[in-house]
**Q** 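This structure is in C-alpha cells; I'll ask about it shortly.
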Amino acid sequence: MGSIIGLINLHHNIHLGVLSESRDIGSTEVAGRYSFIDFPLSNFVNSGIEKIGVLVKDKARSIFRHLGFTNSWAFNTKTGGISILYNEAMSNNYIYNTDVNNLKENSWFFRDSGQVSDVVIASAHILMSFDYSKLVHYHKEHDNDITILYKHNLNGHEEFAACSELIIKE
C-alpha cells in the first residue's frame with residue numbers, strides 16, 4: 001500500500017480535564033503505557049501504510065516529545081515515515097487554525113509523497129484496532145470518491161454531546 005497516505009487529524013476539541021490540560025489529546029496517556037496517537041499509528045503501520053502525516057492543531061511540543069525521532073516505528077525511510085504537520089502560520093488564530101488550512105500550509109507533504117492514490121484520515125481520540133487495508137480495498141473495489149467508516153448508533157445525541165451529525169442516505 002505504498003501509494004496510500006495516512007493522516008492522523010488532531011484538530012478536534014477533546015478535553016480530558018487535567019490529563020490533557022498541557023498536552024494534546026494525541027500525546028495523552030492511556031492506561032499509563034500508550035498514548036492515544038499510538039493506536040491510529042499502529043493501525044496504519046499494521047495495515048501497510050508507510051507514509052503518515054500528523055495534523056497538529058496546538059500543543060505541538062507534547063506531540064514532538066512523544067513521537068521523538070519516530071525511530072520506534074519500523075519504517076523504510078526511503079518509502080515512508082512520520083511527518084508532523086503543524087500550521088505555524090495560523091497557530092495563534094483560532095478561527096483559521098483548521099485541519100484544512102493545515103493541509104494547505106503543508107502541501108509539500110503531498111508533493112514530496114510522489115504518486116498518491118488515496119488518503120486515509122483517522123482521529124487519535126477514537127481507540128480501535130482496525131485493518132485499513134480492507135477499507136482501502138473496499139473503497140477501490142466500489143470506485144468511491146469518499147468512503148466513511150462509522151458505527152451506527154441509535155442514541156448518539158445522548159452519548160456524543162457537541163458532535164456534528166452525519167446523515168447517510170443509502
Side-chain angles (χ1 to χ4, degrees), residues 1-15 20 24-28 30 34-60 62-64 66-67 70 73 75 79-91 94-153 156 160 162-169:
M1 292 192 20
S3 63
I4 308 292
I5 288 180
L7 289 176
I8 300 174
N9 189 354
L10 299 178
H11 283 264
H12 43 68
N13 294 320
I14 303 299
H15 298 288
S20 60
D24 186 277
I25 187 72
S27 63
T28 302
V30 177
Y34 300 102
S35 293
F36 277 85
I37 198 169
D38 294 334
F39 290 86
L41 279 173
S42 180
N43 288 333
F44 283 160
V45 171
N46 292 333
S47 299
I49 299 173
E50 296 181 338
K51 185 76 172 170
I52 299 171
V54 180
L55 299 171
V56 179
K57 180 177 182 177
D58 53 13
K59 301 175 186 167
S62 65
I63 294 295
F64 288 124
H66 177 71
L67 292 177
T70 67
W73 299 95
F75 288 114
T79 61
I82 300 173
S83 296
I84 298 173
L85 309 174
Y86 185 60
N87 188 0
E88 197 168 355
M90 297 296 174
S91 62
Y94 184 76
I95 295 172
Y96 296 107
N97 188 8
T98 64
D99 48 2
V100 174
N101 276 337
N102 193 336
L103 288 170
K104 183 179 174 187
E105 180 75 17
N106 292 289
S107 60
W108 60 267
F109 177 70
F110 295 97
R111 285 194 304 272
D112 290 355
S113 296
Q115 187 74 331
V116 176
S117 65
D118 294 295
V119 177
V120 177
I121 303 173
S123 295
H125 66 283
I126 299 174
L127 303 182
M128 65 178 182
S129 178
F130 188 75
D131 183 358
Y132 285 106
S133 62
K134 293 177 183 176
L135 182 70
V136 170
H137 177 73
Y138 175 88
H139 174 79
K140 289 181 178 187
E141 184 179 273
H142 290 84
D143 197 29
N144 293 340
D145 293 328
I146 297 173
T147 301
I148 298 173
L149 173 67
Y150 69 96
K151 181 179 185 254
H152 185 71
N153 188 324
F160 301 101
C163 290
S164 300
E165 183 178 0
L166 176 66
I167 299 171
I168 298 174
K169 296 179 181 177

**Q** Work out which heavy atom in Thr147 is nearest to a heavy atom in Tyr138; give both atom names and the distance.
**A** CG2-CD2, 4.1 Å
**Q** Considering residues, nucleotides and ligands other than Lys140, do more than 12 of their heavy atoms fall under 6.0 Å from its NZ?
**A**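 Count over threshold, so yes.
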**Q** Enter the distance from Lys57:NZ to Asn9:CG here, rounded to the nearest 0.5 Å.
**A** 10.0 Å
**Q** How many angstroms lie between CD1 in Ile84 and CG in Asn106, if you round to the nearest 0.5 Å?
**A** 11.0 Å
**Q** With side chains defined as the heavy atoms from C-beta onward, is the minimum distance between Leu103 and Phe109 less than 4.5 Å?
**A**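 Counting from C-beta outward, Leu103 and Phe109 never come under 4.5 Å.
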**Q** Judged by atom type as modelled, is there a donor-acceptor pair below 3.5 Å linking the side chain of Asn102 to the main-chain atoms of Leu85?
**A** yes
**Q** How would you list, by chain and number, every residue that makes a ring-ring contact (aromatic ring centres under 6.0 Å, His included) with Phe130, sequence neighbours excluded?
**A** Tyr132
**Q** Is it the case that more than 12 heavy atoms not belonging to Phe110 sit under 6.0 Å from its CZ atom?
**A** yes
**Q** What's the spacing between Leu55 CG and Glu105 CD if we round to 0.5 Å?
**A**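 Leu55 CG to Glu105 CD: 12.0 Å, rounded to 0.5 Å.
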**Q** Within this structure, what is the OG-CZ distance for the pair Ser133 and Phe44, rounded to the nearest 0.5 Å?
**A** 12.0 Å
**Q** Which pairs of donor and acceptor atoms, one on a side chain in residues 117-124, lie under 3.5 Å apart (sequence neighbours left out)?
**A**
from: Ser117; atom 1: OG; to: Ser3; atom 2: O; distance (Å): 3.4
from: Ser117; atom 1: OG; to: Ser3; atom 2: OG; distance (Å): 2.9
from: Asp118; atom 1: OD1; to: His139; atom 2: NE2; distance (Å): 3.3

**Q** Is any side-chain heavy atom of Ser83 closer than 4.5 Å to a side-chain heavy atom of Val54?
**A**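 Heavy-atom side-chain distance check fails, nothing below 4.5 Å.
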**Q** Can you tell me how far apart NE2 (His125) and CD1 (Ile8) are? Round to the nearest 0.5 Å.
**A**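 Spacing of NE2 (His125) from CD1 (Ile8) equals 12.5 Å.
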**Q** Is there a side-chain contact between Asp131 and Asn46 in this structure, where contact means two heavy atoms from C-beta onward sitting under 4.5 Å apart?
**A**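 The answer is no; the side chains never approach within 4.5 Å.
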**Q** About how many Å separate CD1 of Ile4 and CD1 of Ile52, when rounded to the nearest 0.5 Å?
**A** 12.0 Å
